[in-house]
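Structure first, then comments.
Just the heavy atoms: all of them, side chains too, but no hydrogens, waters or symmetry mates, feed the values below. Just so we're on the same page: letters track the sequence lines, and every chain starts at 1.
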Amino acid sequence: MNAGLRDLVYIALFAAVTAVLGLAPKIDVGPVPISAQSMGPMLAGAILGARAGASSQAVFLALVAAGLPLLSGGRGGLGVFGTPSVGYLIAFPIAAFVIGALVERVWSRLTFPTAFAITLLGGVGVIHLLGVIGWALTLYLGGATTFAAAVTAAVIGDLVFLPGDMAKAFLAASAAMFVKRGYPLIGR
Amino acid sequence: MIDLQGVSHAFDGVAALRDITLRLDERRIGVIGANGSGKTTFGRLLNGLLLPQRGEVLVDGVSTRADGRRARRLVGMVFQSPDHQIVMPTVEEDLSFGPRNMGASPAEAARLVDRLLREYGWEGKRRQPAHLLSGGEKKLLTLLSVIIMEPKVIVFDEPLNSLDLRSRRKVMGVLDGLAQQTIVITHDLDLIAGYDRALLFEGGRVAGDGDPRSVAQRYAEGA
Amino acid sequence: MIDLQGVSHAFDGVAALRDITLRLDERRIGVIGANGSGKTTFGRLLNGLLLPQRGEVLVDGVSTRADGRRARRLVGMVFQSPDHQIVMPTVEEDLSFGPRNMGASPAEAARLVDRLLREYGWEGKRRQPAHLLSGGEKKLLTLLSVIIMEPKVIVFDEPLNSLDLRSRRKVMGVLDGLAQQTIVITHDLDLIAGYDRALLFEGGRVAGDGDPRSVAQRYAEGA
Amino acid sequence: MLPLYIERDTAVHRAPASVKLAGLVLGAVVISILSSAKSLGAALAVILALYALARLPLRATLAALKPVLFVAALLFVMQWAIAGVDAAIAVSLRVCALVLLASLVTFTTPLSEMIEAITAAARPLSLVGANPAKLGLVIALTLRFIPTLMNDYREIEAARAARGSKRPGLGAPAPMLIKTLRMSAALADAIAARGFEERDAR
Ligand SMILES: Nc1ncnc2c1ncn2[C@@H]1O[C@H](COP(=O)(O)OP(=O)(O)OP(=O)(O)O)[C@@H](O)[C@H]1O
Ligand SMILES: Nc1ncnc2c1ncn2[C@@H]1O[C@H](COP(=O)(O)OP(=O)(O)OP(=O)(O)O)[C@@H](O)[C@H]1O
Ligand SMILES: O=C(O)CCCC[C@@H]1SC[C@@H]2NC(=O)N[C@@H]21
Ligand SMILES: [Mg+2]
Ligand SMILES: [Mg+2]
C-alpha cells in the first residue's frame, strides 16, 4: 500500500547514491573532471526503472543547482550549469530514463551481456552525446572559436572519458545483475 | 592466542579505547559493557580490521599491523548486523565467498559448502536469495560463512540479537560446539554465565576482568 | 480498542497470518513467537500500514480499510530497527516530522518538541544529527517521535534490541510511564511478565492467549 | 562532508529561507556573469562581509573552501598558462565566491526551513501534477541517506575484508545497494506511520 511512498524513498536513495559517488577521488584533465558520478544514472535506471530512475537524477541535479556541494570535489550551485559539464549533467536523468526503459523491456530475460550493452548505450552513448553538445556550445557561446573548432575540441576532450566510462558501465551492469538476483524491484 | 599491548584508538579525536593491555587465551571469553563503551571497536582490532593508533595487537605472536591478512585468516568475525555482512546474493555464493578469497578452487569451495549445508541441515536453502531469509536464518548464515573459513579464533558481536528461542538455542548450540577459541560480545549476561572469562568495558577501558558472574554483577551495579 | 475479525494475510501467496479474530482492550499486551511467525505483520495491520487480504481490522470501531489515516493517527508504531525509521537529519526535525504531517504549524510543532525534550531531559540533543546518536539514544528518539503524535495506542516492535542495561531500564521506564494502551512485540519474555495479557504467534495463528506467565511457558516448551 | 547549520542569532540567520535561496540563485547568476578580477573580488568581499555579519567562525569558512581549493589552484595554473594572470585570478575568485555563497545559505538555514522554502517554491508545479510536499520529503531523505550510505559502505567493506577479500571496497557497492533498498522499504512504512499522506489532503 505504500508503493507510492516507497518509490519516493528509492528516488531519494539513488539521488544520494549519485552524491556519494562524488566522494570517490576525481581526476582533473580539463574543464570536465573524470569522476565516478555518471555511474549514478546507470545504477538508478537499471535498478529502479525509467520513471523513478530519471526522477532520482533530476532530484540530484536540483540539489546541485540549489547550491549543495554534491558534485565531485565538493562543487555545486547554478554556476556549474554554465561550465562545459552542463551537457553531461543534463544527460544524467535522460540516461537513467533510457536505461530504465530498456531494462524494463527485457527484464525477465535480462542477462549480464544485455545489461552491459544497455548501460553502455544509455550511460556512455547518451551521456557522451549530450556532453559533447553541451561542451561545444559553451565553448562556442564563450566566443572563443568557430563552431567547428568548438566541436572538435569537445570531441577530443571527451575521448579521455571513454575507458573509464566503459569500466563504469561494466560495474553498473554487474551491480544491477547482483541486485536483480538478490532483491529484484522492477519485476515486482 | 591474542595479545594486546598498550592499545589505544580514537575516532575523530574521541577516544574509543584507552591503553588496553590483555592476553586472551581462555577458550570462551565474554565481553560486556554499555552502548558505546568500545566493545565492537575492540573486536575489530583483534583481526586487524582496525589498526590500533597506539600499541600492538599480536595474533599468535605476529602483529596485525605487520600482516593483516594473516590475522584475518586466523581470527574470524561475525558482525553485529547481518545485513552488512551478507555480501553475495544467494546462500551458496555467500558461503563460498570466504574460501574463494583464501584461494580455494571453485570445486573445493563447492565441496566445503556442501559439507557445511549438510552438517547444519540447510541443503534446502542453498539457492535462496540470502537477503530474503528471516532474521534468525540470516544470523545463522553469517555464522556459517565464518565457520567455513576455519579460523582459529571467532569473534561474535551480539550473536543472539532479535533471535527467537529456537534460533537462540540453535546458535548457542553451534557456539558451544565450536572447538575454536570464541570471544562473544553481548548485552545478554546469561549467555556468558558459564564462560571461562569475562571482560567489562567502560568508556574504552577494561573495568572488570575475571569470573563472568562477578564481572556481570559489577556491570549491573554500575548501570 | 482494536478488533480483528477473521484477518488473513499472505506475501506472494505464502500465508503470514491466518484467520485471526481478537479483541484488544487491555492496557498492556505482550506479543511473542518465533522468527517469521507473523508478529511484525500483525503490528503493521493494526494501524493500516498493511491492509488485510481477508477480514477487517477495526480501530475504535472504524475499519482500517475505510479510513487508514485515522487508524494511523490513533495507533502509533515504533519499528524494529531505529535506523529504518529516523526520517529527518536532526533530532529536532525528526521529532517535528509527525506533528507537521498532522497539520501542526511550524510554531506549534516547535512548541511540542520543546515540551517533549524538556520532559525527557533531552534539550542538549536538539540539533544533533540523528545518525550520530548511540544505539540506545536512537531507540529513544524513535519512541519520542511516536509519543509526540499522542496516539491512543502504541505498538512497539522489539523495544529493547541491542540496548545496554541502562538504556534498557530507561526505555522500560518510559514504556511503563505511558498512559496509552501499549502493545509490545518482543523475544524478551521477562519484559512482558507483568503485562495484562500475552499473545503467542505460531505460523501465523494465535497459539496462546492469556496470562503472560502461562503463555510464555507454552512458548518455551514448544521451542 | 555537507556543511551543516551553525546556530547563531543574527539577521542572516533570521532572514526567511525563501529570500536566502532567491539570493543564492541571483548571486550565482551575477557571479557567473562577472568577468573582471576586480568585480569578482568585490563580490567576494560582500560575501565575506555577510559571513562576518552572520558571526560564522573562520574555521567554517575555511572548511567550506577546502574542497574547492584544489580546483581553484588548478584552474589558476591553467588559466595563467592560457590567458594570463588576470584571467587566472578571476577564475579562482569566481569558484571561491560561488562556493562560499552557497555554503553561507547552508550554514545559516536549518534544513527543515530550507525544505519548506523549496516546497513552497514548487507549489506552482502542483498544477502539472507534481506534489510539493513529496518533493520536500525526497530532498530531506536524500540528505539523510548520504551519511547512512557512507557508513554502510564502510561496514560492508570491513565485512568483506574480514572474509579475506583482497579488494574489499570494490565489491561493496552491490551488497550495499541491496541492504539500503531493503531499508528503504521499511523507511517508507515508518513515514506512512507518522502520517505523511495526511499532507496530500491539504
Ligand atoms: N567508524 C566510527 N567513526 C566514528 N566514531 C565511531 C566509529 N565507530 C565507533 N565509534 C565511536 O566509538 C565509540 C565506541 O563504539 P563501539 O561501537 O566500539 O561501542 P560498543 O561498545 O560496541 O557499543 P554497542 O553496545 O552500542 O554496540 C562510540 O562512542 C562510537 O560512537
Ligand atoms: N514484505 C514482505 N514480503 C515478503 N514476505 C514477507 C514480508 N514481510 C514478512 N514476510 C514474511 O511473512 C512471514 C511473517 O513475517 P513477520 O515479519 O511478521 O515475522 P516476525 O514474527 O515479526 O519475525 P521476527 O521475530 O523475525 O521479527 C515471514 O515468513 C516473512 O518472511
Ligand atoms: O562534475 C562535473 O562537473 C560533471 C560531471 C560529469 C562528468 C562526465 S560524466 C561522463 C564523463 N566521464 C567522466 O568521468 N566524466 C565525464
Ligand atoms: Mg557494538
Ligand atoms: Mg518482526
Subject >> Among the listed options C/I86, C/D83, C/V78, C/N47, the residue most often paired with chain D at heavy-atom distances under 4.5 Å >> reply: C/I86
Subject >> Euclidean distance, C/T90 OG1 relative to D/L143 CG, rounded to 0.5 Å >> reply: 11.5 Å
Subject >> Residue pair C/F79 / D/L187, side-chain heavy-atom distance below 4.5 Å >> reply: no
Subject >> CZ (D/R14) with more than 12 external heavy atoms under 6.0 Å >> reply: yes
**OP:** Tell me, yes or no, whether the heavy-atom count around C/R65 atom CZ, taken from other residues, nucleotides or ligands under 6.0 Å, exceeds 12.
**Re:** yes
**OP:** Search all heavy atoms of C/L49 against all heavy atoms of D/A192 and return the closest pair with its distance.
**Re:** CD2-CB, 3.6 Å
Subject >> Those residues of residues 145-152 of chain C, ordered by number, that approach chain D below 4.5 Å (heavy atom to heavy atom) >> reply: C/S145, C/M149
**OP:** For C/R54, look at atom CZ and say whether over 12 heavy atoms of other residues, nucleotides or ligands are found less than 6.0 Å away.
**Re:** no
Original post:
Quick one: does D/F196's side chain get under 4.5 Å of C/V87's, heavy atoms only?
Top reply: no
Original post:
Given the options C/E92, C/Q80, C/R127, C/M77, which has more heavy-atom pairs under 4.5 Å with chain D than any of the others?
Top reply: C/R127
Subject >> Test: D/R194 and C/D94 ion pair at under 4.0 Å >> reply: yes
Original post:
What are the two closest heavy atoms between D/A190 and C/H84, and how far apart are they?
Top reply: CB-O, 3.7 Å
